[in-house]
Colleague: 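A single structure is presented below for examination.
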Amino acid sequence: MANLTKAGSFTLGNLTVKRLGYGAMQLAGPGVFGPPKDRAEAVAVLREAVESGVDHIDTSDFYGPHITNQIIREALHPYAGNLVIVTKIGALRGDDGSWNPAFSKEALTRAVHDNLKNLGLDALDVVNLRAMFDVHRPAEGDLEEPLTVLAELQQQGLVRHIGLSNVTSKQVADSRKITEIVCVQNMYNLAHRADDALIDQLAGEGTAYVPFFPLGGFSPLQSSTLSDVAARLNLTPMQVALAWLLKRSPNILLIPGTSSRAHLRQNLAVADIDLPVDVMAELDGVGAAE
């Protein structure tokens with residue numbers, strides 16, 4: 001079994017988690033919509049993740065919708081005292097599976113209560129506000145109104161900590177004038193490096209950065225350099241991509257997702273990998289070249 005403590009830990013507000021966690025998005029059906037093909041395996045994946053030492057699970061009630069959180073509750077409730085569950089609000093799924101903005105006070109409040117109900121919690125550890133000015137990438141837009149609503153829910157005791165998702169550096173700075181931000185969750189991986197400067201800035205400020213799609217998401221990473229390095233090290237390309245992220249910056253928290261226990265074990269084994277300096281330099285060139 002992998003030793004997850006080798007990868008170190010980091011803080012989300014006053015909560016400390018291991019840097020290698022688990023993202024629950026893939027527990028829903030195709031396109032993160034509808035039920036999974038094998039619910040029993042989804043439950044087994046979650047239980048094995050926690051039994052292996054994972055103490056940080058990332059989810060949202062718009063995965064499914066509702067289904068992923070309901071599976072988490074079935075698998076893990078009552079939760080271990082050290083388990084941190086991070087969720088996100090700001091979007092709703094259409095009947096066709098589309099991802100639509102849901103920024104009104106009513107929608108945000110309902111989303112928090114839906115997460116609480118489906119997870120079986122009295123308060124949410126961390127809630128990320130997902131900006132939806134562009135569904136696929138960060139885009140400028142004013143977050144003051146929805147963030148103020150979330151801060152009010154925090155004051156009511158329903159939310160412990162607040163983070164941001166799919167945001168720009170300016171939005172992070174502006175949001176900090178309204179409330180404490182404990183993490184930023186954006187798309188970032190070996191080949192998509194737009195947030196390099198933001199990661200370094202957040203590291204200096206002691207704020208966690210959580211890359212989603214760390215393995216490329218719906219379009220898995222393809223890189224001859226990555227494949228060559230993996231072959232030399234007798235690892236899978238995806239293990240190398242995750243190991244690169246862990247070594248990229250100490251404030252990066254990984255949440256690779258899977259619906260398979262075998263794949264989960266491969267992901268968690270990354271905690272034991274320490275890429276040499278020359279390999280890191282070789283991989284650093286992937287983002288610029290591919």
Side-chain angles (χ1 to χ4, degrees), residues 1-10 12 17-60 63-64 67-77 79-80 82-88 119 125-126 185 187-190 208 210-221 226 230 233-248 252-275:
M1 183 181 293
N3 182 359
L4 300 191
T5 59
K6 279 188 178 181
S9 60
F10 203 77
L12 294 165
V17 297
K18 298 185 184 78
R19 292 181 60 216
L20 190 52
Y22 174 78
M25 186 176 76
Q26 291 189 35
L27 296 184
V32 203
F33 198 68
K37 182 170 60 177
D38 188 342
R39 188 180 180 101
E41 179 68 6
V43 168
V45 166
L46 284 163
R47 289 177 176 165
E48 181 163 325
V50 171
E51 288 165 3
S52 300
V54 167
D55 59 7
H56 170 207
I57 292 177
D58 181 87
T59 186
S60 174
Y63 294 165
I67 289 165
T68 296
N69 280 353
Q70 291 168 356
I71 293 173
I72 291 172
R73 181 175 184 172
E74 176 185 342
L76 302 176
H77 194 278
Y79 303 110
N82 68 332
L83 182 64
V84 174
I85 298 179
V86 179
T87 189
K88 65 187 71 65
L119 288 168
D125 291 326
V126 183
Q185 186 180 101
M187 180 176 176
Y188 181 85
N189 54 51
L190 186 63
V210 188
F212 65 75
F213 290 168
L215 300 176
F218 298 115
S219 301
L221 294 176
L226 180 60
L233 298 178
N234 196 28
L235 299 168
T236 71
M238 298 301 97
Q239 285 178 316
V240 173
L242 291 174
W244 177 85
L245 283 166
L246 275 181
K247 198 154 184 175
R248 163 66 180 82
I252 287 181
L253 302 180
L254 289 189
I255 50 167
T258 179
S259 57
S260 151
R261 280 174 286 179
H263 189 205
L264 172 71
R265 292 167 199 148
Q266 287 186 346
N267 288 344
L268 297 185
V270 170
D272 295 324
I273 300 171
D274 185 12
L275 296 178

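Count residues from 1 along the sequence. Excluded from the calculations below are hydrogen atoms, water molecules and symmetry mates; all remaining heavy atoms, backbone and side chain alike, are included.
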Colleague: Apply side chain to side chain contact (heavy atoms under 4.5 Å, CB included) to the pair Leu246 and Leu254, showing each step before the final yes or no.
Modeller: CA-CA 7 Å; Leu246 275 181; Leu254 289 189; 3.6 Å; yes
Colleague: Between Ile71 and Leu46, is there a side-chain heavy-atom distance shorter than 4.5 Å?
Modeller: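 The answer is yes, as the side chains (C-beta and beyond) meet within the 4.5 Å cut-off.
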Colleague: Rounded to the nearest 0.5 Å, what's the gap from CG on Leu12 to CG on Leu253? Could you check?
Modeller: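 Going from the CG atom of Leu12 to the CG atom of Leu253 covers 5.5 Å.
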Colleague: Could you give the distance from CG (Asp55) to CG (Leu83), rounded to the nearest 0.5 Å?
Modeller: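 Reported value, rounded in 0.5 Å steps: 7.0 Å.
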Colleague: Set out, in order, the CA-CA distance, both residues' side-chain angles and the distance that settles side chain to side chain contact (heavy atoms under 4.5 Å, CB included) for Val126 and Thr87, then state yes or no.
Modeller: CA-CA 6 Å; Val126 183; Thr87 189; over 6 Å; no
Colleague: Mind checking the NE2-CG spacing from His56 to Leu4? Nearest 0.5 Å is all I need.
Modeller: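 So the NE2 of His56 and the CG of Leu4 are separated by 13.0 Å.
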Colleague: Stepwise, does the side chain to side chain contact (heavy atoms under 4.5 Å, CB included) test hold for Leu275 with Leu233?
Modeller: CA-CA 9 Å; Leu275 296 178; Leu233 298 178; 3.7 Å; yes
Colleague: Between Ile72 and Ile85, is any pair of side-chain heavy atoms under 4.5 Å apart?
Modeller: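 Yes, at least one pair of side-chain atoms sits under 4.5 Å.
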Colleague: Please check if any side-chain donor atom of Asp58 sits under 3.5 Å from a side-chain acceptor atom of Gln185, or the reverse.
Modeller: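 Per modelled atom types, Asp58 and Gln185 side chains form a pair under 3.5 Å.
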Colleague: Is there side-chain contact between Phe213 and Met25, with heavy atoms separated by less than 4.5 Å?
Modeller: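 Yes, side chains in contact.
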Colleague: Is there a donor-acceptor contact under 3.5 Å linking the side chains of Arg73 and Tyr79?
Modeller: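 No - no donor-acceptor pair under 3.5 Å links their side chains.
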Colleague: Under a 4.5 Å cut-off applied to non-hydrogen side-chain atoms, are Leu27 and Ile67 in contact?
Modeller: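 Counting from C-beta outward, Leu27 and Ile67 never come under 4.5 Å.
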Colleague: Decide yes or no for Arg265 and Glu48: does some side-chain heavy atom of the first lie under 4.5 Å from some side-chain heavy atom of the second?
Modeller: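 A side-chain contact exists here, since the closest heavy-atom pair is under 4.5 Å.
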Colleague: Rounded to the nearest 0.5 Å, what's the gap from CG on Leu226 to CE on Met238? Could you check?
Modeller: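 Result: 5.5 Å between the selected atoms.
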Colleague: Under a 4.5 Å cut-off applied to non-hydrogen side-chain atoms, are Val50 and Ile57 in contact?
Modeller: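 When only atoms from C-beta onward are counted, Ile57 and Val50 do touch, with a gap below 4.5 Å.
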Colleague: Of all the heavy-atom pairs spanning Pro256 and Gly21, show the shortest one and how long it is.
Modeller: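 Minimum heavy-atom separation between Pro256 and Gly21: CD-O, 3.7 Å.
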Colleague: So, taking the atom named CG in Leu264 and the one named CZ in Arg47, what distance separates them when rounded to the nearest 0.5 Å?
Modeller: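 The CZ atom of Arg47 is 14.5 Å from CG of Leu264, to the nearest 0.5 Å.
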Colleague: Check side-chain hydrogen bond (donor to acceptor under 3.5 Å, both in side chains) between Thr68 and all other residues, then give those that pass, not counting sequence neighbours.
Modeller: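 In terms of side-chain hydrogen bond (donor to acceptor under 3.5 Å, both in side chains), with neighbours along the sequence ignored, Thr68 is linked to no residue.
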Colleague: Take Asp125 and Val86 through the side chain to side chain contact (heavy atoms under 4.5 Å, CB included) test and state the conclusion after the steps.
Modeller: CA-CA 6 Å; Asp125 291 326; Val86 179; 5.7 Å; no
Colleague: Does any N or O in the side chain of Ser60 come within less than 3.5 Å of the main-chain N or O of Lys88, such that one atom is a donor and the other an acceptor?
Modeller: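 Yes; judged by distance alone, with no hydrogens or angles, the pair exists.
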Colleague: Within the structure provided, determine whether Asn267 and Leu242 are in side-chain contact (heavy-atom separation under 4.5 Å).
Modeller: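 Yes, at least one pair of side-chain atoms sits under 4.5 Å.
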Colleague: Taking the side chain as every heavy atom from C-beta outward, state whether Ile252 and Phe10 have any atom pair closer than 4.5 Å.
Modeller: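 With C-beta onward as the side chain, the pair stays apart.
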Colleague: How long is the span from the CZ atom in Arg261 to the OG atom in Ser52, to the nearest 0.5 Å?
Modeller: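 If I round to the nearest 0.5 Å, the distance is 11.0 Å.
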Colleague: If a pair satisfies side-chain hydrogen bond (donor to acceptor under 3.5 Å, both in side chains) and one of its residues is in residues 17-40, list it, with sequence neighbours excluded.
Modeller: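 Qualifying pairs, neighbours excluded: Arg39-Glu74.
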Colleague: Strictly distance-based, threshold 3.5 Å: is any side-chain N or O of Gln239 a donor or acceptor partner for the main-chain N or O of Gln266?
Modeller: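 Side chain of Gln239 to backbone of Gln266, a donor-acceptor pair under 3.5 Å: yes, one is there.
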